[in-house]
Amino acid sequence: MLKGIDPRLDAEVLHVLRAMGHGDTLILCDTNFPADTMSRGTVRGSLVTMDNLLLAEACGAILSVLPLDTFVDDFAARMEVVDAPDTIPDVQQEVADAIRATGEARPMVPVERFAFYDMARQAYAVIRTGERRFYGCIMLRKGVIGPDG
C-alpha cells in the first residue's frame, strides 16, 4: 500500500499511467470487448487488467491520478450504441459522472463501434475491467500537470 494512491491501482496500471505522455490515449473496456486482440496493436503491446472492478470504479481510480487533456475536444470518448448513437447506457453515464467528479464539465465524444476499435488499436494501452454490461468501452486522453502541480 502507498499513501495517497488509490489501492485499486496496482503496480502495472500505475506504470502504464505514468509512462503515458500528453495526448496518449487509454482504452478502458468491458469483458466482452476484444481486449487482448486490440491490445496487441497498442504501444504497450499487451493487455492490462482491472478485472475485479466495474468500469466506473476503474475509471474513478484512474482519474485520481490521471489528468485529462484540456487542449482537445476528444479528451474522453464513448463507444456508440449500434443503431442508437444518441443513447447513453447506464454504464457510460456512470463514467460520465466519474469524469464530472474531477471538475470536468465537457461530455464524452461518441465514437462509432468500428471507429472505436480502430482507436483502440492505436491507443497507448487497453485496460480490461470486470464490467459485464454492454458498451462499457471508453477512451481517456492524458493531459498535463503544470509546473505548480
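Predicted model only: the values in this text are computed from it and were never measured.
With rounding to the nearest 0.5 angstrom, the CG atom of Asp36 is 9.0 Å from the OG atom of Ser46. Here the straight-line distance linking atom CG of Asp51 with atom OG1 of Thr49 works out to 4.5 Å at 0.5 Å rounding. Interatomic distance, CG of Leu66 versus CG of Asp24, reported as 10.0 Å (0.5 Å rounding). Remark: Asp90 CG to Gln93 CD distance equals 8.0 Å, nearest 0.5 Å. How far CD1 of Ile145 is from CG of Asp148: 11.0 Å, rounded to the nearest 0.5 Å. Here the CG-CD distance, from Leu54 to Glu94, works out to 7.5 Å after rounding to the nearest 0.5 Å.
Under a 3.5 Å cut-off, the side chain of Lys142 and the backbone N or O of Leu17 do form a donor-acceptor pair. In terms of modelled atom types and a separation under 3.5 Å, the side chain of Thr42 and the main chain of Ala125 share no donor-acceptor contact.
Under a cut-off of 6.0 angstrom, the local environment of NE2 in His22 is crowded, with over 12 non-hydrogen atoms contributed by other residues, nucleotides or ligands. Within a 6.0 Å sphere centred on CZ of Arg106, heavy atoms belonging to other residues, nucleotides or ligands number more than 12.
In this structure, Arg44 is not positioned above the aromatic face of Tyr124 in the sense of NZ or CZ being under 6.0 Å from the six-membered ring centre and within 45° of the axis.
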Query raised in the report: Would Met50 and Arg128 count as a side-chain contact (heavy atoms from CB on, under 4.5 Å) if you check the C-alpha gap in whole Å, the side-chain angles of each, and the deciding distance to 0.1 Å?
Result: CA-CA 6 Å; Met50 295 177 82; Arg128 184 185 62 219; over 6 Å; no

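No hydrogens or angles considered: nothing links the side chains of Asp118 and Gln122 as a donor-acceptor pair under 3.5 Å. For the residue pair Arg121 and Tyr117, no side-chain donor N or O sits within less than 3.5 Å of a side-chain acceptor on the partner.
Taking all atoms of both residues into account, the shortest heavy-atom contact from Cys137 to Gln92 is O-NE2, 4.4 Å. Phe116 and Ala77 make their closest contact through CE1-O, 4.4 Å (heavy atoms, listed as atom of the first residue, atom of the second, distance). Taking all atoms of both residues into account, the shortest heavy-atom contact from Leu26 to Ile127 is CD1-CD1, 3.8 Å. The two residues Leu47 and Ala35 have their closest heavy-atom pair at CD1-CB, 3.6 Å. For the pair Ile99 and Ala76, the tightest heavy-atom approach, listed with the atom from each and the gap, is CD1-CB, 3.9 Å. Among all heavy-atom pairs drawn from Gly60 and Arg8, the shortest one is C-NH2, 4.2 Å.
The cluster map of Ile, Leu, Val, Met, Phe, Trp and Tyr, joined by side-chain heavy atoms under 4.5 Å apart, puts Ile138 and Met119 in different clusters. Hydrophobic clustering places Val48 together with Ile5 (ILVMFWY residues linked when any side-chain heavy atoms are closer than 4.5 Å, directly or through intermediates). The same ILVMFWY cluster, assembled from side-chain heavy atoms under 4.5 Å apart, contains both Val16 and Ile62.
For the side chain to side chain donor-acceptor pair (under 3.5 Å) with Arg141, the lone residue among Asp73, Asp74, Asp69 that qualifies is Asp74. The side-chain contact (heavy atoms from CB on, under 4.5 Å) test with Met139 singles out one residue from Val126, Val109, Ile27, and that residue is Ile27.
For the pair Met108/Met79, no side-chain contact is recorded, criterion being any heavy-atom separation below 4.5 Å from C-beta on. With a 4.5 Å cut-off on side-chain heavy atoms, Phe75 and Leu140 do not count as touching. At a threshold of 4.5 Å between non-hydrogen side-chain atoms, the residues Val81 and Phe134 do not count as touching. A heavy-atom distance below 4.5 Å is not found between the side chains of Arg113 and Tyr135. Two residues are said to be in side-chain contact when any heavy atoms from C-beta on lie closer than 4.5 Å; Thr129 and Cys29 fail this criterion. In this structure, Leu68 and Leu63 have side chains that are in contact, with non-hydrogen atoms separated by less than 4.5 Å. The side-chain heavy atoms of Val65 and Asp6, taken from C-beta on, include no pair separated by under 4.5 Å. Under the 4.5 Å side-chain criterion, counting only non-hydrogen atoms from C-beta, Val91 is in contact with Glu131.
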